[in-house]
Amino acid sequence: QLIDSQEQERKRIAGALHDSLGQNLLIIKNKALSGIKNPQKNPELISDISEISSSSLQEVREISYNLHPYQLEQLGLTKAIESIIDRASKSVSLIFKYELDNIDKLFSPETEINIFRMIQECINNILKHSGASEADVSVLKGTNEVSINIKDNGMGFNILTARSKRGLGLMSLYERAKMSDATVEIDSRLGKGTFINITITIRKN
């Protein structure tokens with residue numbers, strides 16, 4: 001399943017590069033060639049090339065962001081989590097409230113990536129599937145564990161059905177939790193929203 005998941009991700013990235021970014025670069029090339037042949041059109045062509053280049057740059061950033069969360073190296077885990085929430089709150093008319101304790105350097109780099117991806121998966125599910133108007137995210141540091149709580153007031157879902165269909169990214173969520181020696185509890189009811197708790201033990205040394 002892991003190998004298949006990796007292969008599907010490679011296909012998705014290859015498709016994104018070929019269909020969107022590749023097409024934009026081809027348009028830029030053709031416009032540049034047109035500008036060489038018709039110098040009088042240069043101002044208009046340069047504007048078009050600049051606009052398409054900016055769009056392509058944004059797409060590259062999105063692909064890179066999905067491949068590896070560069071914020072972890074630049075900002076640390078806590079700020080990287082905050083950046084996920086900020087990006088989500090700016091993209092839709094959904095109110096996000098959050099409380100984040102500083103959990104930098106408590107876990108291995110591999111576990112930090114898993115934590116980042118689990119929270120990202122939960123927030124993406126809220127954006128794509130919940131129909132919620134409000135969501136709360138808290139990351140609370142205790143003596144021996146970190147508790148992550150993500151709640152929304154959306155439509156909810158049937159957990160058993162979602163598991164059987166491997167839907168809503170639940171399979172990925174449980175696998176990452178297992179790799180991180182974490183536990184996941186989900187309480188979701190149709191019309192009553194969803195609550196997810198992820199508890200991760202802090203390993204000394």
Side-chain angles (χ1 to χ4, degrees), residues 1-2 5-6 8-10 12-13 16 57-92 94-130 132 134-154 166 168-188 193-205:
Q1 288 173 346
L2 179 61
S5 175
Q6 290 173 335
Q8 291 302 317
E9 182 67 5
R10 291 190 184 100
R12 186 190 68 77
I13 295 166
L57 180 60
Q58 182 60 35
E59 289 188 34
V60 169
R61 286 173 175 166
E62 289 293 331
I63 292 170
S64 298
Y65 177 81
N66 289 327
L67 278 174
H68 184 75
Y70 62 89
Q71 293 95 332
L72 286 177
E73 283 81 11
Q74 295 182 348
L75 306 174
L77 178 57
T78 308
K79 285 291 185 181
I81 293 170
E82 186 176 350
S83 76
I84 303 175
I85 302 170
D86 286 341
R87 285 167 67 95
S89 62
K90 290 175 182 177
S91 65
V92 294
L94 193 158
I95 300 173
F96 273 95
K97 300 177 183 178
Y98 61 90
E99 178 184 0
L100 306 177
D101 288 345
N102 190 323
I103 59 170
D104 293 353
K105 307 300 183 182
L106 293 181
F107 304 99
S108 68
E110 293 80 7
T111 298
E112 284 195 341
I113 290 176
N114 282 331
I115 292 171
F116 180 90
R117 291 301 189 201
M118 285 189 287
I119 295 174
Q120 185 180 48
E121 184 68 49
C122 291
I123 291 177
N124 284 343
N125 284 337
I126 292 174
L127 298 178
K128 293 177 182 178
H129 305 291
S130 72
E134 294 184 7
D136 294 284
V137 180
S138 67
V139 178
L140 307 176
K141 179 175 66 175
T143 304
N144 300 310
E145 63 187 24
V146 168
S147 180
I148 300 168
N149 302 294
I150 301 171
K151 179 174 65 173
D152 69 70
N153 66 347
R166 297 177 181 176
L168 302 176
L170 288 184
M171 183 179 179
S172 172
L173 185 63
Y174 282 112
E175 287 299 318
R176 287 190 182 277
K178 185 176 181 181
M179 286 188 289
S180 306
D181 195 23
T183 61
V184 177
E185 295 182 2
I186 301 177
D187 181 13
S188 185
T194 300
F195 175 79
I196 298 176
N197 170 262
I198 304 168
T199 301
I200 309 168
T201 302
I202 300 173
R203 300 296 181 189
K204 304 301 181 183
N205 300 321

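Note: hydrogens, waters and symmetry copies are ignored here, and every other heavy atom, side chains too, is used. Values in this document were obtained by computation on a predicted structure and should not be read as measured data.
- For the atom pair CZ of R117 and CZ of R176, the computed distance is 6.5 Å after rounding to the nearest 0.5 Å.
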Item to check | Derivation and outcome, side chain to side chain contact (heavy atoms under 4.5 Å, CB included), residues I84 and F96 | outcome: CA-CA 11 Å; I84 303 175; F96 273 95; over 6 Å; no

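- Across S180 and M118, no two heavy atoms sit closer than the pair OG-CE, 4.4 Å.
- Here the CD1-CD distance, from I150 to E121, works out to 10.5 Å after rounding to the nearest 0.5 Å.
- For the atom pair E112 CD and D104 CG, the distance stands at 6.5 Å (nearest 0.5 Å).
- Interatomic distance, CD1 of I200 versus CD1 of I115, reported as 3.5 Å (0.5 Å rounding).
- The shortest heavy-atom contact between G142 and I202 is O-CD1, 4.0 Å.
- Salt bridge annotation for E82-K79: present, with a cationic side-chain nitrogen under 4.0 angstrom from a carboxylate oxygen.
- The two residues L106 and K141 make their nearest non-hydrogen contact at CD1-CD, 3.5 Å.
- Under the 4.5 Å side-chain criterion, counting only non-hydrogen atoms from C-beta, D86 is in contact with Y98.
- The two residues L94 and A132 have their closest heavy-atom pair at CD1-O, 3.4 Å.
- For the pairing with L140, the side chain to side chain contact (heavy atoms under 4.5 Å, CB included) check across I148, T199, I103, N149 returns one residue only, N149.
- If you take CD1 on I119 and CG on L100, they are separated by 7.5 Å, rounding to the nearest 0.5 Å.
- Among all heavy-atom pairs drawn from I198 and A182, the shortest one is CG2-CB, 4.3 Å.
- Summarising the geometry, atom CG belonging to L77 is positioned 8.0 Å from atom CZ belonging to F107; distances are rounded to the nearest 0.5 Å.
- When all heavy atoms are compared, the tightest approach of A80 to L75 is N-CB, 4.4 Å.
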